[in-house]
Amino acid sequence: MTTRLTTYGPWAVVTGASDGIGRAFARALAKEGFKLVLVARRRQALESLAKELTSTEVRVVDVDLATGEGLARVEAETRDLDVGLLVASAGFGTSGAFLDNAREAELSMIDVNCRAVAALTHAFGHRLVKRGRGGLVLLSSLVAFQGVRHAANYAATKAWVQAFAEGLALELGPLGVDVLACAPGPVRSGFGARANMQMSMAATPDVVANATLAALGRSGTVRPGFLSKLLEWSLMFLPRWGRVRVMSLVMGGMTKHQALTPHRS
Ligand SMILES: NC(=O)c1ccc[n+]([C@@H]2O[C@H](COP(=O)([O-])OP(=O)(O)OC[C@H]3O[C@@H](n4cnc5c(N)ncnc54)[C@H](OP(=O)(O)O)[C@@H]3O)[C@@H](O)[C@H]2O)c1
């Protein structure tokens, strides 16, 4: 019988596994019998997750994916493994007026959300194509489908991921590699605090991970969570400028507390 494990196993690499959505992916994949490489910066958080996942083999790689050195270590420390799945969940956002934010944080966001995703997809993509089967799950977002005021750079990084995944799916599908963009709305995780966004109607990381794994190999984009689906349907017939306005209002709701408590990332 073909299962996710036989198609995409035995090893999965999950970036951003120390928290939120990446951690939920790791738990869900471990339940299905995948062996796991857990990637993020916080070694302690990765090790405590590894201790929890006693049913399977786990390797921890604590690296900063904003650096070339970190990316090279992920490649080096997985070279001996039969990796069939990459879940690229590491990422972060900022919010507020772009010009008011620290330039370093904005550039680092491009490095983690885009450059690292391109580098790891290139590295693992070659390996997956060589074995003739595998999967790439890339974390896009609800904000990927239009520009968004007060999350201009973050939305742009996610637009890049979304477009990248859509094009790549057509390149790699015929070679046996399934590419899936996961575009959730607000999710209860460490993301909101780091991005200084207050989210309501947030989905749980488990909902995102389970819906995404269920969609792998079946579609090119999955939009888990109630709000994501609601906005997908309600924005569908608006012109792009209309979507920009509506999503900017939604972001305005998530950042209105900033007027009271100024924050710099
Ligand atoms: N939460 C949401 O509302 C939401 C909605 C749509 C899309 N997304 C996307 O979903 C993905 C996961 O977000 P989340 O909600 O799970 O956020 P989270 O709870 O803050 O987790 C982010 C993960 O990324 C890792 N990370 C961040 N910077 C890193 C770096 N420089 N090097 C290595 N790892 C790094 C963090 O680990 P360390 O801090 O230990 O390095 C952490 O494990 C992101 O790409 C985000 O853009 C989130």
On a heavy-atom basis, which atom in [X] and which in [Y] lie closest, and how many Å separate them?
X: Lys229; Y: Arg223; answer: NZ-O, 3.0 Å
X: Ser18; Y: Ala40; answer: OG-CB, 3.4 Å
X: Ser95; Y: Asn196; answer: OG-O, 3.3 Å
X: Thr67; Y: Gly70; answer: OG1-N, 2.9 Å
X: Ala24; Y: Asp206; answer: CB-OD1, 3.5 Å
X: Ser248; Y: Gly147; answer: OG-O, 4.4 Å

State, with a plain yes or no, whether a side-chain heavy atom of [X] is found less than 4.5 Å away from one of [Y].
X: Val112; Y: Thr157; value: no
X: Leu172; Y: Leu175; value: yes
X: Met254; Y: Pro186; value: yes
X: Arg127; Y: Thr78; value: yes
X: Glu69; Y: Asp64; value: no
X: Leu128; Y: Arg131; value: yes
X: Leu142; Y: Met247; value: yes
X: Met199; Y: Val187; value: no

Exercise. For the residue pair Thr3 and Glu32, confirm or rule out a side-chain donor-acceptor distance under 3.5 Å.
Key: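 Side-chain D/A pair, Thr3 to Glu32: absent.
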Treating Ile, Leu, Val, Met, Phe, Trp and Tyr as nodes and any side-chain heavy-atom pair under 4.5 angstrom as an edge, say whether [X] and [Y] lie in one connected cluster.
X: Met201; Y: Leu249; result: no
X: Val244; Y: Tyr154; result: no
X: Leu38; Y: Ile21; result: yes
X: Leu238; Y: Val250; result: yes
X: Val39; Y: Met109; result: no

With a 3.5 Å distance limit and no angle check, can you tell me whether [X] reaches the backbone of [Y] through a side-chain donor-acceptor pair?
X: Asp111; Y: Leu65; answer: no
X: Thr56; Y: Ala30; answer: no
X: Ser234; Y: Leu230; answer: yes
X: Asn153; Y: Glu106; answer: yes
X: Thr255; Y: Gln258; answer: no
X: Arg4; Y: Phe34; answer: no
X: Arg42; Y: Gln44; answer: no
X: Ser141; Y: Ala183; answer: no
X: Arg243; Y: Phe145; answer: yes

Exercise. For Arg115, look at atom CZ and say whether over 12 heavy atoms of other residues, nucleotides or ligands are found less than 6.0 Å away.
Key: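 12 or below, so no.
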Quiz item: Above 12 or not: heavy atoms from other molecules or residues under 6.0 Å from NZ of Lys31?
Solution: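 At most 12 heavy atoms, drawn from other residues, nucleotides or ligands, come within 6.0 Å of this atom.
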So how far is it from [X] [atom1] to [Y] [atom2], rounded to the nearest 0.5 Å?
X: Thr94; Y: Arg194; atom1: OG1; atom2: CZ; value: 10.0 Å
X: Arg79; Y: Glu77; atom1: CZ; atom2: CD; value: 10.0 Å
X: Leu138; Y: Thr221; atom1: CG; atom2: OG1; value: 10.0 Å
X: Glu52; Y: Arg27; atom1: CD; atom2: CZ; value: 4.0 Å
X: His257; Y: Met197; atom1: NE2; atom2: CE; value: 9.5 Å
X: Trp11; Y: Leu86; atom1: CH2; atom2: CG; value: 14.5 Å

Exercise. Walk me through it: do Asp19 and Phe191 pass the test side chain to side chain contact (heavy atoms under 4.5 Å, CB included)?
Key: CA-CA 9 Å; Asp19 211 343; Phe191 178 89; over 6 Å; no
Quiz item: Parallel, tilted or perpendicular: which fits the ring planes of Trp160 and Phe164, with parallel below 30° and perpendicular above 60°?
Solution: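 If you compare the ring of Trp160 with that of Phe164, the planes turn out parallel.
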Practice problem: State which residue, out of Thr121, Val87, Leu120, fulfils the side chain to side chain contact (heavy atoms under 4.5 Å, CB included) condition with Leu136. | Solution: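 Single pass found, and it is Thr121.
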Quiz prompt | Option among Leu139, Val137, Val207 that satisfies the side chain to side chain contact (heavy atoms under 4.5 Å, CB included) test with Thr212 | solution =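 The side chain to side chain contact (heavy atoms under 4.5 Å, CB included) with Thr212 is passed solely by Val137 among Leu139, Val137, Val207.
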Self-check item: Basic-acidic side-chain contact under 4.0 Å: Arg218, Asp178
Solution: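 Not counted as a salt bridge, because no side-chain N and carboxylate O are separated by less than 4.0 Å.
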Self-check item: Residues Asp80 and Arg59 bridged, charged N to O under 4.0 Å
Solution: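 A salt bridge links Asp80 with Arg59.
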Practice problem: Verify side chain to side chain contact (heavy atoms under 4.5 Å, CB included) between Leu29 and Leu213, making sure each step is shown before the conclusion. | Solution: CA-CA 9 Å; Leu29 289 166; Leu213 290 176; 3.9 Å; yes
